Amino acid sequence: MRPAPIVVEKEALGREGADWVARELNAALARGGRASLALSGGSTPGPVYRELTTRDVPWERVDFYFVDERFVPPDHPESNYLLAEEALFKPLSVPPQHIFRMQGERADREQAASDYEKLLPPVLDVVVLGMGEDGHTASLFPGNSALQEKERRVLAVVGPKPPPWRMTLTLPVLRSARKVLGLVSGAGKRDMVRRVLAGENLPAAQVEQAQWMMDRAAAGQQ
Ligand SMILES: O=C1O[C@H](COP(=O)(O)O)[C@@H](O)[C@H](O)[C@H]1O
């Protein structure tokens, strides 16, 4: 069952998104042990990550993973890791052993993807997704054969959005995650939001358990 979207004011997206993620992380931690949080990049999640640093979560019990990464070094402006490092890891002083980075600087992309599979836990507790104007999520782009993947958990793919080479979690991993928050912002994504919520055959619609959270512009309310 696809959850109804949560629509908030643009300025509230960071705060509401952070509340959602913190609540689900704390629920996962309440079951005992550690919790896993997988992060996306792109233009939308930065405010959520910055707000998260002020939330009451026992961060020393959280392991951080990545939903996707561009094949660029970790200090490159297009690196999803760099966004997370600046917005979340540095402010929280997360120790390196709790950060499971996709190694976008590697020359052997296939090997980098299969090495990351070995790091992933069987099930991710909390996943933060975004959605592109073409309906992609993670680095799963419309029409890409990676969408048909049933066995591999991480793939190296080429997409239409620069930088083209990416590493991405596959649909079996995303669809098995316990809690998924999808963040969308801006009028440019309005049509795609409508189509994804209607369940059209688009990558972002394949993660059916995702709780989409968006500003009014993305929801077509302004
Ligand atoms: O390229 C990417 O795009 C999606 C959506 O990003 P946005 O900039 O349109 O918000 C993002 O979720 C993904 O992590 C990123 O690599």
Side-chain angles (χ1 to χ4, degrees), residues 5 8 10 13-14 16-18 20-21 37-52 64-74 76-89 99-105 109 112-113 116 120 124 126-144 146-147 154-171 173-175 177 179-196 202-207 210-215 217-219:
V8 301
K10 184 175 167 45
L13 200 54
E16 297 281 345
W20 195 99
V21 172
L37 170 62
L39 304 168
S40 284
S43 55
T44 319
V48 174
Y49 299 164
R50 282 185 278 277
E51 278 280 340
L52 259 182
F64 296 87
Y65 295 86
F66 282 81
V67 164
D68 70 326
E69 183 57 282
R70 294 91 183 267
F71 272 98
V72 295
H76 190 283
E78 294 278 6
S79 162
N80 288 345
Y81 171 80
L82 183 65
L83 167 70
E85 182 187 41
E86 290 184 341
L88 199 52
F89 303 151
I99 302 171
F100 298 87
R101 183 171 74 74
M102 287 177 162
Q103 296 182 323
E105 70 277 27
R109 302 180 189 107
Y116 200 71
L120 276 180
L124 289 163
V126 183
V127 171
V128 176
L129 288 182
M131 180 201 298
E133 289 184 17
D134 58 357
H136 82 270
T137 194
S139 283
L140 296 166
F141 292 89
N144 196 296
L147 289 163
V154 185
L155 286 176
V157 297
V158 190
K161 181 179 172 182
W165 274 101
R166 316 288 191 95
M167 196 188 309
T168 186
L169 302 185
T170 57
L171 285 175
V173 179
L174 298 176
R175 288 165 64 95
K179 294 289 171 180
V180 180
L181 179 66
L183 295 165
V184 199
S185 135
K189 295 182 179 168
R190 191 174 50 203
D191 283 350
M192 200 45 74
V193 163
R194 183 182 48 72
R195 292 174 60 190
V196 164
L202 290 157
Q206 306 305 310
V207 190
Q211 171 62 70
W212 291 98
M213 182 181 286
M214 62 199 66
D215 61 15

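This one's a predicted model, so the numbers in the text were calculated from it and none came from an experiment. Each ligand, and each atom within it, is numbered from 1 in the order the structure gives.
The atoms of ligand 1 that sit less than 4.0 Å from any heavy atom of G42 are 6 (O), 8 (O). In the vicinity of G130, heavy-atom distances shorter than 4.0 Å reach the ligand 1 atoms 12 (O). Per-residue contacts place S43 under 4.0 angstrom from the following atoms of ligand 1 (heavy atoms of the residue considered): 7 (P), 8 (O), 10 (O). Counting the atoms of ligand 1 from 1 in the order shown, those under 4.0 Å from a heavy atom of R166 are 1 (O), 2 (C), 16 (O). Short contacts between ligand 1 and M131, defined as distances under 4.0 Å to a heavy atom of the residue, involve ligand atoms 5 (C), 9 (O). Heavy-atom contacts of K189 reach the following atoms of ligand 1: 7 (P), 9 (O), 10 (O) (cutoff under 4.0 Å).
For atom 10 (O) of ligand 1, the nearest protein heavy atom (residue, atom name, distance) is T44 OG1, 2.8 Å. For atom 4 (C) of ligand 1, the closest heavy atom belonging to the protein is H136 NE2, 3.3 Å.
With hydrogens and angles disregarded, no donor-acceptor distance shorter than 3.5 Å links the side chain of Y65 to the backbone of V127. Between the side chain of D215 and the backbone N or O of G186, at least one donor-acceptor pair lies under 3.5 Å. Of the possible polar contacts, one joining the R175 side chain to the Q206 backbone as a donor-acceptor pair under 3.5 Å is found.
Proximity of D68 to ligand 1, defined as any heavy-atom pair under 4.0 Å, is confined to the side chain (atoms from C-beta onward). When heavy-atom distances to ligand 1 are checked against a 4.0 Å cut-off, N80 comes that close only through its side chain, counted from C-beta outward.
The closest side-chain heavy-atom distance from V207 to W212 is not below 4.5 Å. Contact check for K189 versus T44: side-chain heavy atoms found under the 4.5 Å cut-off. Under the 4.5 Å side-chain criterion, counting only non-hydrogen atoms from C-beta, Y81 is in contact with I99.
For R70, the closest heavy-atom approach to ligand 1 falls below 4.0 Å. In this structure, A138 has a heavy atom closer than 4.0 Å to ligand 1.
Between F66 and F89, the ring planes are perpendicular. Angles over 60° get that label, and only those under 30° would be called parallel.
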Would R70 and K161 count as a side-chain contact (heavy atoms from CB on, under 4.5 Å) here? Give the steps.
CA-CA 10 Å; R70 294 91 183 267; K161 181 179 172 182; 4.1 Å; yes
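Looking at G41 next to ligand 1, an N or O pair under 3.5 Å apart turns up.
Atom CE in M214 sits 9.5 Å away from atom CG in L13 (nearest 0.5 Å).
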